[in-house]
Participant: 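Questions regarding the structure given below will be posed in turn.
Everything quoted here is computed from the prediction, not taken from an experiment.
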Amino acid sequence: MTERVRILGLDPGLRNTGWGVITVEGTKLSYVACGVVTSDGDLDLALRLKQLYDRLTEVIRTWTPDEVSVEETFVNKDAQATLKLGQARAMSLLVPALHGLPVAEYGANQVKKTVVGVGHADKNQVQAMIRILLPKADFKKADAADALAIAIAHAHQRKARALAASY
């Protein structure tokens, strides 16, 4: 019997954190749900992080994933924006860890290469492949699509990670 695993992909952001849930059974991927959790830009940073914490907790309680995958931080020239993204990303790592879930991290190029076959694919190419791999996927925002891509990447990489960890 093939193991069925539910994966939550997270695309961290302080304003919008995309999330996507898929199941993988053998080589078959199935869409479960996706969306975006947001924080109120008018609030202080601490309260915005609390909003992300609370909303990600609700996603985990609702969709009960077995494993979580998170996109690594993209460092850009704006140090302040990178720092805020890192703090939002911390919520994407902390919440699953507090629920006892294993968390894997993937760089953007690794996600694109796994999903599309090209490490520098654009968002349209990634979304087109998501529609092929998960025909029932109903993403309204790019952040949710990115989160599904992160979940797909983990579905493809998880067996290699487990094998590497066993050595």
Side-chain angles (χ1 to χ4, degrees), residues 1-13 16-37 52 55-76 85-86 88-167:
M1 180 135 183
T2 305
E3 175 188 29
R4 182 178 204 170
V5 178
R6 184 172 278 195
I7 299 169
L8 169 63
L10 295 172
D11 180 30
N16 298 304
T17 292
W19 61 271
V21 180
I22 65 171
T23 58
V24 58
E25 194 167 358
T27 59
K28 182 177 187 245
L29 301 176
S30 300
Y31 169 76
V32 177
C34 68
V36 175
V37 296
L52 291 178
R55 292 168 183 170
L56 288 171
T57 297
E58 185 61 30
V59 168
I60 287 174
R61 286 183 179 152
T62 300
W63 300 105
T64 61
D66 300 303
E67 299 176 8
V68 179
S69 55
V70 178
E71 187 171 79
E72 292 177 346
T73 301
F74 175 80
V75 179
N76 60 35
L85 174 59
R89 189 171 172 275
M91 293 302 103
S92 294
L93 296 169
L94 177 65
V95 173
L98 289 173
H99 284 84
L101 298 170
V103 179
E105 302 174 67
Y106 299 95
N109 285 344
Q110 185 178 11
V111 170
K112 292 173 184 177
K113 186 163 181 72
T114 302
V115 174
V116 179
V118 179
H120 295 285
D122 66 32
K123 286 195 179 282
N124 291 332
Q125 290 172 299
V126 173
Q127 290 177 10
M129 280 305 297
I130 292 169
R131 287 185 181 97
I132 291 168
L133 295 169
L134 302 170
K136 295 181 181 178
D138 183 25
F139 50 89
K140 307 266 190 278
K141 294 189 175 189
D143 297 306
D146 291 347
L148 287 170
I150 295 159
I152 292 167
H154 182 62
H156 289 289
Q157 300 288 333
R158 62 188 295 276
K159 287 186 181 163
R161 282 175 163 269
L163 187 61
S166 70
Y167 284 101

Participant: So, does Ser69 use its side chain to make a donor-acceptor pair with the main chain of Ile150 at under 3.5 Å?
Facilitator: yes

Participant: Between Asp146 and Lys123, is the closest basic N to carboxylate O distance under 4.0 Å?
Facilitator: yes

Participant: Extract all donor-acceptor atom pairs below 3.5 Å that involve side chains of residues 135-142 and protein atoms in other chains or at least two apart in sequence.
Facilitator:
| from | atom 1 | to | atom 2 | distance (Å) |
| --- | --- | --- | --- | --- |
| Asp138 | OD1 | Lys140 | NZ | 2.9 |
| Asp138 | OD2 | Lys140 | NZ | 3.0 |

Participant: Is there side-chain contact between Glu67 and Arg158, with at least one heavy-atom pair below 4.5 Å?
Facilitator: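 Of all side-chain heavy-atom pairs linking Arg158 with Glu67, at least one is under 4.5 Å.
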
Participant: Any sub-3.5 Å donor-acceptor pair from Gln157's side-chain atoms to His154's backbone N or O?
Facilitator: no

Participant: Say you draw a straight line from CG of Leu52 to OG of Ser92; how long is it, rounded to the nearest 0.5 Å?
Facilitator: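 If we round to the nearest 0.5 Å, Leu52:CG and Ser92:OG are 7.5 Å apart.
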
Participant: Looking at every heavy atom in both Gly9 and Ala151, which two are closest together, and how far apart are they?
Facilitator: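 Shortest heavy-atom contact: N-CB, 3.8 Å.
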
Participant: Kindly indicate whether the side chain of Val32, heavy atoms from C-beta on, has any atom under 4.5 Å from the side chain of Thr23.
Facilitator: yes

Participant: Please name the pair of heavy atoms, one in Tyr31 and one in Leu134, separated by the smallest distance, quoted to 0.1 Å.
Facilitator: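 Scanning both residues completely, I find the closest heavy atoms to be N-CD2, 3.7 Å.
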
Participant: Look up atom CZ in Arg55 and atom OG1 in Thr17, then write down how far apart they are to the nearest 0.5 Å.
Facilitator: 10.5 Å

Participant: For the atom pair CH2 (Trp19) and CD1 (Ile60), what is the distance rounded to the nearest 0.5 Å?
Facilitator: 11.0 Å

Participant: Less than 4.5 Å apart, any side-chain heavy atom of Val24 and any of His156?
Facilitator: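 No, their side chains stay 4.5 Å or more apart.
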
Participant: Gly20 and Ala147: which non-hydrogen atoms are nearest, and at how many Å?
Facilitator: N-CB, 3.4 Å

Participant: Let's go through Gln110 and Thr114 carefully: what are the C-alpha distance in whole Å and the side-chain angles of both, what is the deciding distance for side-chain hydrogen bond (donor to acceptor under 3.5 Å, both in side chains) to 0.1 Å, and is it a yes or a no?
Facilitator: CA-CA 6 Å; Gln110 185 178 11; Thr114 302; 5.3 Å; no

Participant: Is the backbone of Val95 close enough, under 3.5 Å, to the side chain of His99 for a donor and an acceptor to pair up by distance?
Facilitator: yes

Participant: To the nearest 0.5 Å, how far apart are CG in Asp122 and CD in Gln125?
Facilitator: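 Result: 4.5 Å between the selected atoms.
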
Participant: Between Pro12 and Val70, which heavy-atom pair has the shortest distance, and what is it?
Facilitator: CG-CG1, 3.6 Å

Participant: What closest approach, in Å, do Pro96 and Leu10 show between heavy atoms, and which atom pair accounts for it?
Facilitator: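 It is CG-CD1, 4.4 Å.
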
Participant: Would you say that Leu8 contacts Val59 through its side chain, given a criterion of any heavy-atom pair below 4.5 Å between the two side chains?
Facilitator: yes

Participant: So, does Asp66 use its side chain to make a donor-acceptor pair with the main chain of Arg6 at under 3.5 Å?
Facilitator: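 Pair found, side chain donor or acceptor close to backbone of Arg6.
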
Participant: Nearest 0.5 Å please: distance from the CG atom of Asp143 over to the CG atom of Asn16.
Facilitator: 5.0 Å

Participant: Where the side chain of Arg61 meets the backbone of Leu56, is there a donor-acceptor pair that is under 3.5 Å apart?
Facilitator: no

Participant: Over all heavy atoms of both residues, which pair between Ala155 and Ile22 is shortest? Give the atoms and the distance, please.
Facilitator: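 Here Ala155 and Ile22 meet closest at CB-CD1, 4.1 Å.
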
